[in-house]
> 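For reference, the structure I am asking about is given below.
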Amino acid sequence: MYANKALKPVITSNTANHKLSVAPMLDWTDRHCRYFYRVLSAHTVLYTEMVTTGAILHGRGDYLSYNDAEHPLVLQLGGSNVKDMTECAKIAEQYGYDEININVGCPSDRVQNGRFGACLMAEPTLVGDCVNEMQNATNVPITVKSRIGIDDLDSYEFLHTFIDEVAKADCNHFIIHARKAWLTGLSPKQNRDVPPLDYERVYQIKRDFSNLNISINGGIKSLTEAQEHLQHVDGVMIGREIYSSPYLLSEVDQQIYGVDKPLISREQVINAMADYIDAYISITPEHGSNRAWHVLRHMLGMCNGLAGARQFRRDLSDCSSNSNANGDSLKQAFAKVVLPE
């Protein structure tokens, strides 16, 4: 069911179309969440949570496993040691990831202390070295996700210089969160809303680097907004809005990718995820935390906007303390929701 460590080198090709992607979100976009999103959309590009080089090289767990259905799938990697980043790129290639994305956007103290994340915007040469060595060692495209600036380094010239320097290392795709990162004075939570977004700065980067693929991220709440951004850039990345209202993804293949197929119904999604939960329970040891809840916690917003949505969320939340919860628990909760005519 999941990719594992019985690996052979895999030649991957950049088949991912980044018109729309789901942002890497720590503690949220785990393999269960990603499988759920893939049920909703066949074409949306999915990202892992950020995984550090230390976890991959020295951790006891398998941090890179995934379900084959998740493709196209991008590993977001956190680190700055060129040797370690390159070694992790080789491992990720063996796992069959479609791309590897370097985190140059997270502002948290933990990330800064590890010398990666948004603080790396001040070291474009180092980021370029990572890109260059990782691409020389693998056949996997290497991309970069950054902010528009950090602290007092927030001029357009600063962002332009960063993109220009890293692009020289043959990085062809940048995902730019259109809000400056505050590394001091604000918490990462506060930095989600402060300072204001500056979409125009990202648009200008695309105009100045027309040969590069530029995706925009930050504060995008609808597919209508996504389509408006696509008039200026190559791709749109959405994060929290999809997590809170995941059924938004059900229209992506038609509206963004132009695929002529019927929308997947909520009932179809529920049935597919119930089967997934039961399959996951069947291969997971009984000891430890609630297994069904590992999946259900990502589905709380599935029925937002419908009559009965509050009860649906309550019933799923009750599964967090029910060790016997399974796929039927999801179906029973959904049965109380009133679907539109």
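By convention here, the first residue in the shown sequence is residue 1. What's counted below: heavy atoms across the whole structure, side chains too, no hydrogens, waters or symmetry copies.
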> Give a yes or no on whether the backbone of Leu212 and the side-chain of Lys206 come within a donor-acceptor separation of less than 3.5 Å.
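Here the side-chain-to-backbone pair exists.
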> Do Ile205 and Ile148 have side chains that approach each other closer than 4.5 Å (heavy atoms only, starting at C-beta)?
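No, side chains not in contact.
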> Evaluate the ring planes of Tyr66 and His71, with Trp represented by its six-membered ring, and classify them as parallel (under 30°), tilted (30 to 60°) or perpendicular (over 60°).
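The arrangement is perpendicular - the two ring planes meet at more than 60°.
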> Would the number of heavy atoms belonging to other residues, nucleotides or ligands and lying under 6.0 Å from CD of Glu200 be above 12?
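Yes, because the 6.0 Å sphere around CD of Glu200 holds more than 12 heavy atoms from other groups.
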> Should the pair His160 and Phe209 be assigned to parallel (<30°), tilted (30 to 60°) or perpendicular (>60°) ring geometry?
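His160 and Phe209: tilted rings.
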> Working to the nearest 0.5 Å, report the span between OH of Tyr47 and CD of Glu99.
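If we round to the nearest 0.5 Å, Tyr47:OH and Glu99:CD are 6.0 Å apart.
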> If you take all heavy atoms of Met50 and Leu77, which pair is closest and at what distance?
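Minimum heavy-atom contact is CG-C, 4.3 Å.
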> What closest approach, in Å, do Ser21 and Thr44 show between heavy atoms, and which atom pair accounts for it?
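Residues Ser21 and Thr44, closest heavy atoms: CA-CG2, 3.9 Å.
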> Can you label the angle between the Tyr97 ring and the Tyr95 ring as parallel, tilted or perpendicular, going by 30° and 60°?
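Answer is tilted, since the angle falls between 30° and 60°.
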> Looking at every non-hydrogen atom in both residues, tell me the closest pair between Ile220 and Glu241 and how far apart they are.
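Smallest interatomic distance, heavy atoms only, reads O-CB, 3.7 Å.
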> Is it true that a side-chain atom of Asn103 and a backbone atom of Gly78 form a donor plus acceptor pair closer than 3.5 Å?
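Such a contact is absent between Asn103 side chain and Gly78 backbone.
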> Are Thr53 and Asn81 packed together at the side-chain level, in the sense that at least one heavy-atom pair is separated by less than 4.5 angstrom?
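They are not in side-chain contact.
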> Using atom types as modelled and distance alone, determine if a side-chain donor or acceptor of Gln255 lies under 3.5 Å from a backbone N or O of Glu251.
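No, because the side chain of Gln255 does not come within donor-acceptor range (under 3.5 Å) of the backbone of Glu251.
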> Are any of the side-chain heavy atoms of Leu46 and Arg38 separated by less than 4.5 Å?
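In short, these two side chains touch, coming nearer than 4.5 Å.
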> Begin from the C-alpha positions of Leu40 and Val269 and carry the test side-chain contact (heavy atoms from CB on, under 4.5 Å) through to its verdict.
CA-CA 7 Å; Leu40 287 159; Val269 176; 3.7 Å; yes
> Arg291 and Ile281: which non-hydrogen atoms are nearest, and at how many Å?
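For Arg291 versus Ile281, the nearest heavy atoms are NH1-O, 3.1 Å.
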> Quick one: closest heavy-atom pair of Ser250 and Leu263, and the distance?
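Heavy atoms only, the tightest pair is O-CD2, 3.3 Å.
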> Report the C-alpha separation of Asp208 and Gln204 in whole Å, then their side-chain angles, then the decisive distance to 0.1 Å, and conclude whether the side-chain hydrogen bond (donor to acceptor under 3.5 Å, both in side chains) test is met.
CA-CA 6 Å; Asp208 288 349; Gln204 186 62 50; 3.0 Å; yes
> Is there a side-chain contact between Cys119 and Ile150 in this structure, where contact means two heavy atoms from C-beta onward sitting under 4.5 Å apart?
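SC-SC contact between Cys119 and Ile150 ruled out.
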> About how many Å separate CG of Leu223 and CD1 of Ile238, when rounded to the nearest 0.5 Å?
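Answer for the CD1-CG pair, Ile238 versus Leu223, is 6.0 Å.
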> Please confirm whether the backbone N or O of Ile242 pairs with a side-chain atom of Ser245, one donor and one acceptor, at under 3.5 Å?
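Side chain of Ser245 to backbone of Ile242: no pair is present.
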> Flag this pair as yes if the NZ/CZ of Arg266 is under 6.0 angstrom from the six-membered ring centre of Phe334 and inside a 45 degree cone about the axis; otherwise no.
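No, cation not above the ring by the 6.0 Å, 45° rule.
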> Looking at NZ of Lys19 and CD of Gln227, how far apart are the two atoms once the value is rounded to the nearest 0.5 Å?
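Here the interatomic distance stands at 9.5 Å.
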> Tell me whether Asp260 at atom CG has more than 12 heavy atoms from other residues, nucleotides or ligands lying less than 6.0 Å away.
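Check fails, neighbour count at 12 or below.
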> Taking the side chain as everything from C-beta on, heavy atoms only, tell me whether His177 gets closer than 4.5 Å to Arg147.
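Yes - at least one pair of side-chain heavy atoms lies under 4.5 Å apart.
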> Would you call Glu49 and Arg34 a salt bridge, taking side-chain N to carboxylate O under 4.0 Å as the test?
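No salt bridge links Glu49 with Arg34.
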> Say you draw a straight line from CG of Leu330 to CG of Leu296; how long is it, rounded to the nearest 0.5 Å?
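Leu330 atom CG to Leu296 atom CG measures 6.0 Å (nearest 0.5 Å).
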> Calculate, to the nearest 0.5 Å, the distance between atoms OH and CD belonging to Tyr199 and Glu225 respectively.
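Rounded to the nearest 0.5 Å, the OH-CD separation comes to 6.5 Å.
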> In Å, rounded to the nearest 0.5 Å, how long is the span from CG of Asp98 to CD of Glu93?
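Rounded to the nearest 0.5 Å, the CG-CD separation comes to 11.5 Å.
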> What are the two closest non-hydrogen atoms of Cys319 and Asn290, and how far apart are they?
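Heavy atoms only, the tightest pair is O-ND2, 2.5 Å.
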> Going by side-chain hydrogen bond (donor to acceptor under 3.5 Å, both in side chains), Ser215 matches just one of Lys145, His18, His173. Which one?
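With Ser215 as partner, Lys145, His18, His173 yield a single side-chain hydrogen bond (donor to acceptor under 3.5 Å, both in side chains), made by His173.
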> Checking side-chain contact (heavy atoms from CB on, under 4.5 Å) for the pair Asn324/Asn322: CA distance, chi angles, key distance, verdict?
CA-CA 5 Å; Asn324 294 316; Asn322 178 6; 3.5 Å; yes
> Just wondering, do Leu64 and Asp62 contact through their side chains at under 4.5 Å, heavy atoms?
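When only atoms from C-beta onward are counted, Leu64 and Asp62 do touch, with a gap below 4.5 Å.
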> Could you walk me through whether Leu20 and Leu230 pass the side-chain contact (heavy atoms from CB on, under 4.5 Å) test, one step at a time?
CA-CA 9 Å; Leu20 195 120; Leu230 288 171; over 6 Å; no
> Using atom types as modelled and distance alone, determine if a side-chain donor or acceptor of Gln254 lies under 3.5 Å from a backbone N or O of Lys261.
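Pair found, side chain donor or acceptor close to backbone of Lys261.
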> Donor-acceptor check, side chain of Tyr257 to backbone of Asn17, threshold 3.5 angstrom: yes or no?
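Checked: pair present.
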> Please check: side-chain N/O of Asn217 versus main-chain N/O of Met237, any donor-acceptor pairing under 3.5 Å?
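It does hold such a pair.
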> Show your reasoning for whether side-chain contact (heavy atoms from CB on, under 4.5 Å) applies to Leu57 and Ile91.
CA-CA 9 Å; Leu57 297 176; Ile91 296 170; 3.9 Å; yes
> State, yes or no, whether a side-chain contact exists between Ser65 and Arg31 at a heavy-atom distance under 4.5 Å.
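A side-chain contact exists here, since the closest heavy-atom pair is under 4.5 Å.
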> Name every donor-acceptor pair, under 3.5 Å, that has one atom in a side chain of residues 298-311 and the other anywhere in the protein, sequence neighbours excluded.
{"unit_1": "His298", "atom_1": "ND1", "unit_2": "Trp28", "atom_2": "O", "d": "3.4"}
{"unit_1": "His298", "atom_1": "ND1", "unit_2": "Tyr243", "atom_2": "OH", "d": "2.8"}
{"unit_1": "His298", "atom_1": "NE2", "unit_2": "Asp30", "atom_2": "OD1", "d": "2.9"}
{"unit_1": "His298", "atom_1": "NE2", "unit_2": "Asp30", "atom_2": "OD2", "d": "3.1"}
{"unit_1": "Asn304", "atom_1": "OD1", "unit_2": "Arg313", "atom_2": "NH1", "d": "3.0"}
{"unit_1": "Asn304", "atom_1": "ND2", "unit_2": "Ser244", "atom_2": "O", "d": "2.8"}
{"unit_1": "Gln311", "atom_1": "OE1", "unit_2": "Arg314", "atom_2": "NH1", "d": "2.8"}
{"unit_1": "Gln311", "atom_1": "NE2", "unit_2": "Asp315", "atom_2": "OD1", "d": "2.7"}

> Taking C-beta and beyond as the side chain, do Val104 and Phe162 meet within less than 4.5 Å on heavy atoms?
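Sidechains of Phe162 and Val104: in contact.
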> Please confirm whether the backbone N or O of Ile142 pairs with a side-chain atom of Gln135, one donor and one acceptor, at under 3.5 Å?
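Yes, the answer is positive, given that a donor and an acceptor are paired below the 3.5 Å cut-off.
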